[in-house]
Amino acid sequence: MNNLSEYITNNKNKFVNELIELLKIPSISADSAYKNDVLKTAEAVKARLEEAGCDCVELCKTDGHPIVYGEKIIDAKLPTVLVYGHYDVQPADPIDLWTSPPFEPVIKQTDLHPEGAIFARGACDDKGQMYMHVKALEFMTSTNQLPCNVKFMIEGEEEVGSVNLATFVKNNHEKLKNDVILISDTGMIAKDVPSITTGLRGLSYVEVEVTGPNRDLHSGLYGGAVANPINILTKMIASLHDENNHITIPDFYDNVEDLSQDERKQMAKAPFDLERYKSALKIQDVYGESGYTTNERNSIRPTLDVNGIWGGYTGEGAKTVIASKAYAKISMRLVPNQDWKEITKLFQTHFENIAPKAVTVKVTPHHGGQGYVTPIDSIGYQAASKAYEDTFGKTPIPQRSGGSIPIVSLFEQELQSKTILMGFGLDSDAIHSPNEHFGIWNYLKGIETIPMFYKHFAAMHN
Ligand code: BES
Ligand code: MN
Ligand code: MN
């Protein structure tokens, strides 16, 4: 497109500063104390979309945080791209581990980002990546080069399961009608190894509660004679994997698709350096399901992980006590064809079955969603591939990710359209962790690559 790289060079500081303003608002969707900040962020996104040339921008009320919707329809006969992103962020804790406050963005250099990276919660996931689309639109509208229609739908509840967005999508088929959905909320392999995410894992998230005696007990007077819920819970959790790190829940693997040797060979071609992987995490060895490589373990295979576990006395010093209750939060990452609601039921039944009579068990399902895979022969994928060729000078590698964006499979089901995942983050950007950051190089590269997608998609769509 004309003047694209010039536009980016000239506006670089403005793009960075605008993102920094957005990152200052703590839009933590999970914590009701931040409700007003979440709303403020939605209003800021609305204003930015209007400035970028979007028409009829509105905040769509939901039972939770609002959805920002806007569109630029230039000709009903032209194809329409629906851009999805989220303006909410994960909680910032553990706050002590941040080297600068999570909502006071600063630019710092890192080994991978010598040009500087913006450090703040949401810098990469997903405010930074979402905002690339706003700036790409601004470029195309202000230079009269928008080649098709665009709709923006930016939600505020992705990090808490997108429950209200699901309802919104179901009720607004006509409004959201599109030819392809475009999302930047994933990553790429490396700055010199562009990749397009072709798969996302599904998710089933549950909370368990194990109850023993009706009150906390003296661990001397009662210890050995009654079930300790924490002992029992940890034993039950340990039994969920066998010695090969297979998950032991009956029927759990029934619908897991087995990739052919050929597909696995293709996957193994993606550049991956195990030694570097280990040293980046300061671990002596990796760990996972026998028979699969690290890349397979975190993309095409399902997993079960405890995300949190608590109970009993965790304060200073010692207290001799057998707690009445123990708790854990458990996530299962699922692969295509595993139905998350079915898996949730299988978990529940199994967990209740393995509990000894001495305790009672309660399983509470949280959110979940289906996995997703997208073919690489669609117009959308091909347009994205060409866009990366234009800006990276290399054909991107298709790669399945281990993360989840549950709403993507619902988009396909409700809107019958494919999603193209053009992510520009790096694994080392520490999303959901302390010191989350987004490289300025990646940010600008995204702004540069997105308009090329529009160009190719509109041209190929005819
Ligand atoms: N953007 C992430 C998902 C992601 C990150 C996918 C990197 C692929 C690569 C998203 O915001 C996220 O965190 N999703 C949650 C699920 C959600 C239901 C809370 C996840 O994957 O844990
Ligand atoms: Mn995200
Ligand atoms: Mn996230």
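One-based numbering, in listed order, for ligands and for the atoms of each. Computation of the quantities below employed the complete heavy-atom set of this structure, encompassing side-chain atoms and omitting hydrogens, waters and symmetry-equivalent molecules.
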Asks: Quick one: does Gln284's side chain get under 4.5 Å of Lys278's, heavy atoms only?
Replies: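 SC-SC contact between Gln284 and Lys278 ruled out.
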
Asks: Does an N or O anywhere in Ser401 fall below 3.5 Å from an N or O of ligand 1?
Replies: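 No, there is no polar N/O contact under 3.5 Å.
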
Asks: Before accepting this row, confirm whether a basic side-chain N of the pair Lys127/Glu158 lies closer than 4.0 Å to the acidic partner's carboxylate O.
Replies: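 So Lys127 does not pair with Glu158 through a salt bridge.
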
Asks: Could you tell me whether the side chain of Thr248 and the main chain of Leu240 form a donor-acceptor pair under 3.5 Å?
Replies: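 Yes, Thr248 side chain to Leu240 backbone: donor-acceptor pair under 3.5 Å.
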
Asks: Counting only heavy atoms, which portion of Val160 has something under 4.0 Å from ligand 1: side chain, backbone, both, or neither?
Replies: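 The answer is neither; Val160 stays 4.0 Å or more away.
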
Asks: Could you check atom 17 (C) of ligand 1 against the protein and tell me its nearest heavy-atom contact, residue, atom and distance included?
Replies: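 Looking at atom 17 (C) of ligand 1, the protein heavy atom closest to it is Glu158 O, 3.7 Å.
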
Asks: Nearest protein heavy-atom contact for atom 16 (C) of ligand 1: which residue, which atom, what distance?
Replies: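 Residue, atom and distance for the closest contact: Ser404 O, 3.6 Å.
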
Asks: I need the contact type for Ile431 against ligand 1. Using non-hydrogen atoms and a strict under-4.0 Å cut-off, is it side chain, backbone, both or neither?
Replies: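 The answer is the side chain.
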
Asks: Sort by chain and number the protein N/O/S atoms that are closer than 2.8 Å to the Mn ion (ligand 3), and list them.
Replies: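 Metal shell, protein only: Asp125 OD2, Glu159 OE1, Glu159 OE2, His432 NE2.
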
Asks: Flag Glu159 as yes when one of its N or O atoms lies below 3.5 Å from any N or O atom of ligand 1, and as no otherwise.
Replies: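 So ligand 1 has an N or O lying under 3.5 Å from an N or O of Glu159.
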
Asks: Has Arg333 got any heavy atom lying under 4.0 angstrom from an atom of ligand 1?
Replies: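 Yes.
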
Asks: Should the heavy atoms of other residues, nucleotides or ligands under 6.0 Å from NZ of Lys40 be counted, would the total exceed 12?
Replies: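 No, the 6.0 Å shell around NZ holds no more than 12 heavy atoms from other groups.
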
Asks: If we only count N/O pairs under 3.5 Å, is His367 in contact with ligand 1?
Replies: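 No; the residue has no nitrogen or oxygen that sits under 3.5 Å from a nitrogen or oxygen of the ligand.
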
Asks: Answer yes or no on whether Lys108 is positioned over the face of Phe119, meaning its NZ or CZ is under 6.0 Å from the six-membered ring centre and within 45° of the axis.
Replies: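 So Lys108 does make the cation-pi contact.
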
Asks: Taking atom OH of Tyr34 as the centre, does the number of heavy atoms from other residues, nucleotides or ligands within less than 6.0 Å exceed 12?
Replies: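 Result for OH/Tyr34: open.
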
Asks: Should His432 be listed as contacting ligand 1, given a heavy-atom distance under 4.0 Å as the test?
Replies: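 The answer is yes, since His432 has a heavy atom less than 4.0 Å from ligand 1.
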
Asks: Less than 6.0 angstrom from the centroid, inside 45 degrees of the normal: does Lys445 satisfy that with respect to the ring of Phe392?
Replies: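 Flagged: Lys445 positioned over aromatic ring of Phe392.
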
Asks: Please confirm whether Leu421 approaches ligand 1 to less than 4.0 Å, judged on its heavy atoms.
Replies: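 No.
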
Asks: Under 4.0 Å, counting heavy atoms only: does Asp185 come that close to any atom of ligand 1?
Replies: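 Yes, that is the case, since the closest heavy atom of the residue is under 4.0 Å from the ligand.
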
Asks: How far is atom 6 (C) of ligand 1 from the closest protein heavy atom, and which atom is that?
Replies: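 It is Gly403 CA, 3.7 Å.
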
Asks: Taking Ser204's backbone N and O only, do any of them form a donor-acceptor pair with Thr344's side chain (distance below 3.5 Å, no angle check)?
Replies: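 Not confirmed, Thr344 side chain does not pair with Ser204 backbone.
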
Asks: Determine, for Tyr292 and Arg301, whether the Lys NZ or Arg CZ falls below 6.0 Å from the six-membered ring centre while staying within 45 degrees of the axis.
Replies: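 Yes, cation above the ring, under 6.0 Å and within 45°.
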
Asks: Just heavy atoms, cut-off under 4.0 Å: does Pro406 contact ligand 1 by side chain, backbone, both, or neither?
Replies: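 The part of Pro406 near ligand 1 is the side chain, not the backbone.
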
